[in-house]
Every structure is written in C-alpha cells, then in structure tokens.
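In what follows, a structure is listed as structure tokens, so that the remarks can point back to it.
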Amino acid sequence: LLSLSLSLSLSLLLSLTANRTHLWVLLSLLVLYPTSLATAGGSESRVGAGAGFRVGADLGLGCVSLVDSELPVLQSEGDVVIGGLFPLHYLALEPEHSYRTKPQHTQCNGFDHRAFRWMMTMVFAVDEINCNSTLLPGVRLGYRILDSCDHVHTSLRGALSVVTGKRTEENIEKGVEERMPGCLAGAPVTAVVGLASSTPTGAVAHTLGPFNIPLVSYFATCACLTDKLSYPSFLRTVPSDLFQIRGLVQLVSHFGWRWVGILGTSDDYSRYGIQAFTKQLKDQGGCLAFHLTIPNSPSPAGLRAMADTLQSSRARVVVAFATEGQLLEFLSELAVRNVTGFQWVASEAWVTASLLTSPQFHPLLQGTLGFSFPGVSIPGLGDFLLKVRPSPTPGSEFINMFWEELFGCKLDFGAGSGSKGSGLTAICTGSEDLRDTKSSYSDVSRVRISYNVYKAVYAIAHALHQLLQCGSTGHRQAQEKCNTSTYFTPRQLLHHLKRVNFTNQFGEKVHFDANGEPVPLYDIINWQKVSSGDIKFQKVGSYDGSAPLSQQLQIDESAIVWIGGQSQVPVSLCSAPCLPGSRQARRPGEPPCCFDCLPCAAGEISNQTGSIDCTRCPEFYWSDRDRVKCVAGIEDFLSFYDTMGIILVSFSLLGVVSTTTVTAIFHRFRATPVVKANNSELSFLLLLSLKLCFLCSLLFIGRPSAWSCGFRQAAFGVSFVLCLSCLLVKTIVVLLAFRATVPGSSALMKLFGPCQQRTLILCSTAPQVCLCAGWLSMAPSIPFRNSSYQGLTGMVVLECKEPWPPGFYLVLGYIGLLASLCLLLAFLGRKLPDTFNEAKLITFSMLIFCAVWISFVPAYVSSPGKYTVAVEIFAILASSFGLLLCIFAPKCYIILLRPERNTKKTLRKG
C-alpha cells in the first residue's frame with residue numbers, strides 16, 4: 001500500500017511540478033522515503049574482506065526504486081562506488097503533460113564533447129587511483145555516472161538513480177542473503193561528483209543534504225550554494241561566484257568601462273551572479289546600460305527584441321553570465337545580423353566553450369575576455385581519451401552517442417545502441433581514429449573543468465583513505481591495506497571530506513574552507529584568432545582572490561587582442577569623462593554614468609579627468625584661468641603705482657606744497673596787518689598742523705607693514721587734533737578780541753594771552769596723544785591678509801587690521817568733539833563787526849570739515865578692500881584742503897592781489 005501510494009504521488013507531482021525546483025526536491029524526498037525508513041537509526045557502509053561493500057543493520061528485505069531505471073549509465077563495480085552527474089547534453093525539451101498518463105521523461109538534445117571529456121576524466125582518475133598502491137591500498141573504487149542534461153528534472157532523476165541503483169529481484173534476493181537492506185544495497189554510492197550548472201546542483205544538493213551524502217561539484221559556482229543550512233553536504237573544487245564577480249568588477253574597472261550591459265538567464269547561477277555584479281559595479285562607479293534575460297525556451301521574436309536592445313545601446317561592453325548552451329541561440333541571432341564592435345566579458349561558464357568558437361561566431365566573439373579556472377596538463381589523460389571505443393555492451397551508451405556525434409554516422413550495433421532518432425545515414429565501423437578529429441574532447445593541452453573533476457575524485461579518495469585508516473599516502477611502507485572491516489556512514493565520509501588537505505602532483509594544495517570552498521584562483525583568458533583561423537584561449541593574466549587587494553588582479557595588457565583584432569582598449573561610456581577644469585553634473589532621471597560637464601566655479605579646480613566635484617583652493621590661493629591648479633591669490637592694496645594711488649599722492653603733495661607756499665607768504669608778509677591781526681603764531685602752528693595732515697595721508701598708501709599700520713591712525717588723529725586745537729584757540733581769540741571793545745571787558749583779553757593760548761592748545765591735544773599712545777602700546781594695528789573678497793575676485797586684500805576697533809572710533813570721536821566745539825564758537829562770532837571777520841571763515845571751514853567726516857563714516861564702512869583706505873585718504877585731503885582754502889585763501893588774496901587793503905584802517909572799517 002505504501003509503495004502504491006508513493007507511486008501515485010510520484011506521478012501526480014511529476015505532472016504538477018514540471019518547472020518548480022523546490023517541489024522537485026519534495027518529490028525526491030518522497031522517492032527516498034522508503035530508504036530513510038529502511039535505514040532508520042543510521043545505515044552504515046562496511047568494507048569487508050571478500051564480501052564487497054555491505055550495509056549494516058539487520059533490518060530484513062530492502063526496498064525497490066519507484067521510478068523506472070531506463071536511464072543510460074556508465075558504471076564500474078568497486079568496493080566503494082562514487083556517483084557522477086555530467087551535462088552530456090545541453091538542451092532539455094520540456095515534455096507536454098496530459099495529466100492522464102504517467103509523465104514522459106525529459107528529452108535531451110545537443111551533445112557536448114567537452115562534458116563528455118569531463119566524464120571520462122572522472123573515469124581516468126578512478127582508474128589512476130585504483131592503480132596507485134599508496135592511495136586506498138586494497139580498496140577498489142567504482143563509479144556510476146549518468147547524464148544530467150543540464151536541467152533540474154533530469155538532474156534530480158539522475159541523482160536518484162545514482163544513489164539508489166537499479167534494483168532487480170536478483171538484487172533483492174542477494175540483499176536478503178547478504179543482509180544488505182535499503183536502496184543503497186548492491187553497490188552503495190557514498191559520494192557524488194557533480195554537477196555543472198548551479199540551479200540543478202542546488203536541487204540535487206537539497207535532496208542529498210538530509211542524508212549527508214557528499215556532493216562535490218566541479219563547475220557550480222553560484223554563491224547561493226554556500227548556505228550550509230540549505231546545503232549541508234555540498235562542497236566544490238571550483239571557487240564561488242563571489243570571488244569571480246569581484247574579479248570581473250576589478251577587470252571592468254581596470255579598463256575604465258563604466259557603461260556595461262549584462263546578459264543572463266533565469267537560473268540561480270545567472271540571477272545571483274548578476275545581482276552581486278550589479279551591486280559591486282555600482283559601488284565602483286559603474287552603471288548598467290541594459291539587462292537582458294534569455295528565457296528557458298526563447299522564441300524567435302523574443303531573441304530579435306533582445307538583439308535590437310543590444311544593438312541600440314551605446315554600451316560597447318557586454319558581461320554574460322550563462323552557459324554556452326543557453327547563449328547559443330541568442331549569439332546565433334547576433335551572428336546572422338553580423339553584429340560586431342561589442343567587447344564580450346565571459347564568466348567561467350562559457351569562457352572556454354569550444355561550442356562558440358565555430359567560424360560563424362568569430363566576428364562577434366573574437367577578443368572575448370573572461371575568467372577561467374587554472375588549467376593544467378594531466379599526464380596520461382590524452383592517451384586515455386584516445387583509447388575510448390564504442391561497444392554494443394550495456395553501459396556503453398554514452399560512448400556510442402559521442403562516437404556518432406563526433407563522426408556524424410550511425411553505429412550498427414542493433415537497436416538501442418546509439419542515439420535514438422538521430423537521423424544519421426552513414427554507418428560507423430567503430431574503428432575510426434580519434435586522432436583524425438579536432439574537437440574540444442581531444443584538446444587536453446590545458447584542461448580546466450576536467451582538472452576540477454580530477455581534484456574532486458582525488459579529494460573523495462583522500463577522505464576515504466583517512467576514514468578507512470589506510471595510513472600515510474606518502475610512504476609505501478606504511479600500512480599496505482586499509483581497514484576493510486570498518487563501518488562508516490556518509491556522514492562520517494562527509495566529516496573527513498571537509499578536512500581533506502593534501503598537495504597533488506601539480507603542486508596545488510587541495511582543501512576546503514568552512515563553507516566547502518577551495519582557494520579562489522583564476523586565469524584571465526582572451527579569445528585570439530591564430531593563423532590557422534581557429535580561436536585560441538590565450539592566458540593573459542591571473543586573479544587570486546586570497547591575495548591582498550592591490551595584488552589580486554595581474555594582467556598583461558600588451559598580450560590582449562581586442563575586438564576586431566585591435567590592440568587598443570575599447571571604450572564603453574555613457575558620457576565622456578570631464579576634462580580637467582570641469583566636473584560632472586548628473587542628468588535628472590538618468591544613471592550616474594550619464595552626465596554633463598560643467599566648468600568649475602571661480603576659486604575651484606579639478607586637475608583630474610572625470611572629476612565628480614571641484615576642489616576649492618586653500619585660503620589665499622585662487623584658481624588659474626583653466627581651473628586646473630591653484631595659484632597664489634593676487635595681493636591687492638592701495639599702491640603708489642596704482643592710478644588711484646598716484647592721484648591721491650599727487651593731491652597730498654599738492655596740499656603740502658600749497659601749505660608750504662602759504663607759510664612762506666605769511667612769513668614774508670608777517671609784519672603786515674593781515675598777518676598780525678590773525679595772530680601770526682597761531683597761523684604758523686595751524687599751517688604746520690595742516691602740513692602734517694597732508695603728509696599723514698601718505699602713510700595709508702603702499703604695502704601695509706607693521707610700522708605703517710601702527711602709526712598711520714595715530715599720525716592722523718594727532719595731526720587733526722592739533723589743527724582743530726589751533727582753530728579753537730583762534731576762534732576764542734577772535735571772540736575775545738571783539739569782546740574787549742565793550743567797556744569793562746579788557747581784562748578778558750589779558751587773561752587769555754599767548755601763554756594761555758599755548759596751554760589750551762597743549763591741553764586740547766594731550767588727550768588725543770595719550771589715547772593714541774595707549775592704543776599703540778596695547779593693541780596696535782597689524783598687517784592682515786583679508787581673504788573675504790577672494791570668493792568674488794580672487795584678490796587677497798592687504799590691509800591693516802584693528803585688534804581693538806573702538807580705538808579708531810574714539811580717535812575719530814575726539815576729533816569730532818573738537819570740530820563741533822569749534823563750529824559752535826565760530827558760529828556765535830559770525831556777525832561780529834569787522835571788514836575781515838575770521839569767525840566767518842572758520843565757520844565755513846568747519847561746515848566743510850564736518851560734512852566730509854560725517855559722510856566718511858558710512859562710506860568707510862561700506863567700501864571694500866583698498867577702497868576703504870582710499871575713502872579715509874580722501875576725507876583727510878578734502879578736510880585739509882577745506883581748512884587751508886577757507887582760512888588762508890582770502891588772506892593770501894589780500895596780501896598778494898589787494899595789498900591796498902592790507903592796512904589797519906581798512907581792517908577796522910565796517
């Protein structure tokens with residue numbers, strides 16, 4: 001009843017789960033369910049003298065496989081049998097299910113010579129180990145190999161057939177007599193070598209995992225298989241895609257390819273690989289131009305649409321994650337269109353695929369670059385492969401298929417001996433010479449995947465050697481025979497397999513890490529067309545994923561032949577790199593690799609091609625005209641050689657000369673009434689102070705220095721206070737002089753004589769002198785490079801910085817106080833009766849003085865850079881000229897031009 005119900009469940013699930021990997025795993029567990037019942041408590045394998053390999057506990061009659069065992073198989077009996085699954089065919093057609101009859105087996109097409117070589121390499125390795133007296137002495141290895149067709153369904157069916165074997169009534173009776181229960185009786189398979197593609201491998205590993213049957217893959221690279229919770233018994237002699245993807249990203253980045261297209265399929269290998277590649281490519285600044293997915297059964301219309309997308313793209317580099325069988329139809333469509341000019345980057349799944357090296361693909365694929373596993377030349381393998389011969393005996397079906405496919409003929413061994421329905425008319429004799437053919441099967445100069453198969457078989461053999469306590473493999477005199485009475489389970493073999501560590505004959509250390517991964521080593525292969533017209537897989541570099549990052553990728557660029565036989569590296573960019581002096585500006589809604597180039601702003605530079613941002617120049621530096629380097633900022637200050645500086649110096653000197661001239665005139669005519677009436681001593685002192693005012697303006701011009709910064713404001717403040725003090729005294733003298741004409745007021749004039757006048761001048765000037773002295777001693781002005789204007793003009797303004805700004809305003813305020821007092825007194829005496837009323841002149845000069853300095857304050861604060869200094873100089877000169885002209889010009893006019901009015905009588909009129 002149990003067998004019947006499971007058989008019905010099998011048929012139903014086969015119909016419902018044609019395209020669902022995880023349900024196939026469930027189906028596999030149902031098929032193996034009787035085995036788990038029979039081996040409850042842990043079935044054990046035993047090598048016994050003369051008895052072959054037996055299964056442990058006495059549990060009675062074993063079980064029978066629920067599925068038909070009609071699959072072709074290549075097998076050899078042994079004390080321990082290793083299973084093998086190889087994709088001898090690369091196309092599996094999906095059967096049509098009627099849901100009324102038992103589902104048909106998946107039909108496989110497209111024989112792969114390379115996969116057949118992998119299979120025969122396993123046979124060669126097993127034979128070599130059996131002939132080796134130091135490895136597994138006294139134990140003969142056998143094998144049981146089936147075709148996986150590179151498909152999930154056929155792979156699972158093959159895996160079940162491998163681990164269960166074909167059970168006949170004779171086997172069952174033998175199982176009873178020899179106490180061999182379970183589907184693993186007869187010749188139990190304790191480990192499996194396989195498979196090639198990642199998706200079928202994942203399904204089989206999921207199935208074998210609960211039974212701890214080791215599965216060692218030679219070509220499944222998907223990073224998803226590293227999950228030990230889902231695949232506890234999975235190991236591999238090929239590195240994970242994680243390392244290959246890192247290498248591919250480094251390769252793409254090395255050649256500056258930022259705009260890349262991706263081609264893949266819907267299986268796990270492609271999906272996980274493209275996902276990781278895309279993430280790492282974006283981390284390195286690259287972008288995807290397109291992502292094309294080849295469906296399992298592509299339609300002609302779908303292939304044409306994909307080809308149109310590829311041709312219309314600006315990307316010139318295409319990275320393909322797929323097998324040669326999956327790429328064949330799409331590449332054929334491109335070859336028909338005569339598509340060229342694309343640089344193909346191949347994953348290890350097809351980089352050494354001879355299927356794609358036929359002449360029709362040469363214009364398309366010549367120059368292909370990709371990662372491959374390290375290749376070696378295995379001694380004796382070539383001769384072994386050439387000795388293969390077809391045979392009518394059962395178990396030779398794969399060899400017969402290969403023979404018919406290679407020579408294009410039909411073997412006449414009777415029904416069922418060759419390829420069914422092959423349509424071949426020529427008859428094969430079986431004596432054809434393999435040396436006369438040229439195919440990937442006989443090319444063993446540097447085998448790669450075959451080497452992985454070779455390492456997988458030897459890893460299992462070394463694990464068995466340790467498990468069976470066979471002694472050291474390096475000494476012939478160690479133990480000659482293995483412990484053939486030892487019971488062991490697949491779990492025990494898996495335990496030892498994970499700890500395998502040996503160095504093979506090629507000097508490579510074979511071992512697995514905690515995730516069952518080997519050392520990540522790759523060769524970089526370039527497809528080069530040789531003189532014979534064939535494609536040669538030329539090694540042009542290497543990649544070691546275990547090395548430091550800077551040493552991982554080693555490549556000889558001079559040895560690479562690019563697309564079309566060119567020697568120049570292809571360019572694949574969405575936008576050309578921005579030249580130095582500009583930066584990238586992303587286009588809205590487009591990938592980061594598509595951008596416009598904008599020139600750097602003033603004060604910023606970019607000195608590398610492809611700069612993302614411009615770098616701001618340091619303080620006191622500015623960008624040059626091309627925005628590629630920072631140069632020292634142009635120092636800006638009011639120079640003696642500037643036009644403005646020359647004008648101001650000229651006016652300053654004019655003021656000094658004018659003042660000196662007036663002084664000379666007054667000295668020459670000092671005895672005249674005009675000079676004497678205005679207190680000649682005060683006039684000379686006033687002229688001296690005006691000369692100092694004109695001269696102090698020169699301290700503001702030129703490059704600021706410590707002494708000029710310190711003394712310019714002090715000289716300005718003291719000179720003007722001295723000038724205003726003289727004017728104040730003159731105003732008081734004028735007022736007192738006219739006041740003395742009033743009866744009883746003559747004593748006032750006597751009290752304010754020359755001595756008192758000098759004292760008042762001294763007392764008025766002393767506070768300013770003390771203030772300036774304290775200012776200079778405590779917080780003097782210092783030279784300062786002001787970069788606040790650099791962002792506008794690139795100029796660095798040299799100026800004097802005031803550490804204590806209130807000092808300047810106190811000096812200016814005191815000047816304003818004296819000027820206001822002087823203006824007030826002069827205003828009070830403006831109507832005094834006199835032909836020459838000096839109070840009027842002082843009033844007018846003070847009005848000009850105050851107007852200049854009131855307007856100075858806002859102009860001073862708002863003027864930038866050197867114009868601040870120019871404003872202050874202008875205020876000094878304007879106020880000084882105002883005082884000079886308003887007070888002394890009328891007197892000089894009378895002295896020089898109207899001497900008849902220079903008399904006491906004339907001055908007293910009015």
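Note that these values count all heavy atoms, side chains included, but never hydrogens, waters or copies made by symmetry.
Between F506 and Y451, the ring centre distance stays below 6.0 Å. If you look at F398 and F402, their ring centroids are not closer than 6.0 Å.
Side-chain contact annotation: D523 with S542, donor-acceptor N/O pair under 3.5 Å absent. S439 and T437 are not linked by any side-chain donor-acceptor pair at a separation below 3.5 angstrom, with hydrogens and angles left out of the test.
Note on residues 369-388: pairs passing ring-ring contact (aromatic ring centres under 6.0 Å, His included), not counting sequence neighbours, are F124-F384, F219-F373, F371-Y522, F371-Y543, F373-Y522. The stretch residues 334-363 participates, sequence neighbours left out, in these ring-ring contact (aromatic ring centres under 6.0 Å, His included) pairs: W350-W527. Among residue pairs with one or both ends in residues 337-359, those qualifying as salt bridge (Lys or Arg N to Asp or Glu O under 4.0 Å) are D308-R337, E333-R337; sequence neighbours excluded. The salt bridge (Lys or Arg N to Asp or Glu O under 4.0 Å) contacts involving residues 114-141 comprise R114-E324, where partners must be two or more places apart or lie in separate chains.
Between L263 and V319, every side-chain heavy-atom pair lies at or beyond the 4.5 Å cut-off.
Note: Y218 and F86 have parallel aromatic rings, judged against thresholds of 30 and 60 degrees for the angle between ring planes.
Shown here are the side chain to side chain donor-acceptor pair (under 3.5 Å) partners of T265, two or more places apart in sequence or in another chain: D267. Every side chain to side chain donor-acceptor pair (under 3.5 Å) that T393 has, sequence neighbours left out, goes to S391, S396.
Atom-to-atom distance recorded for T221:OG1 and N452:CG is 10.5 Å, nearest 0.5 angstrom.
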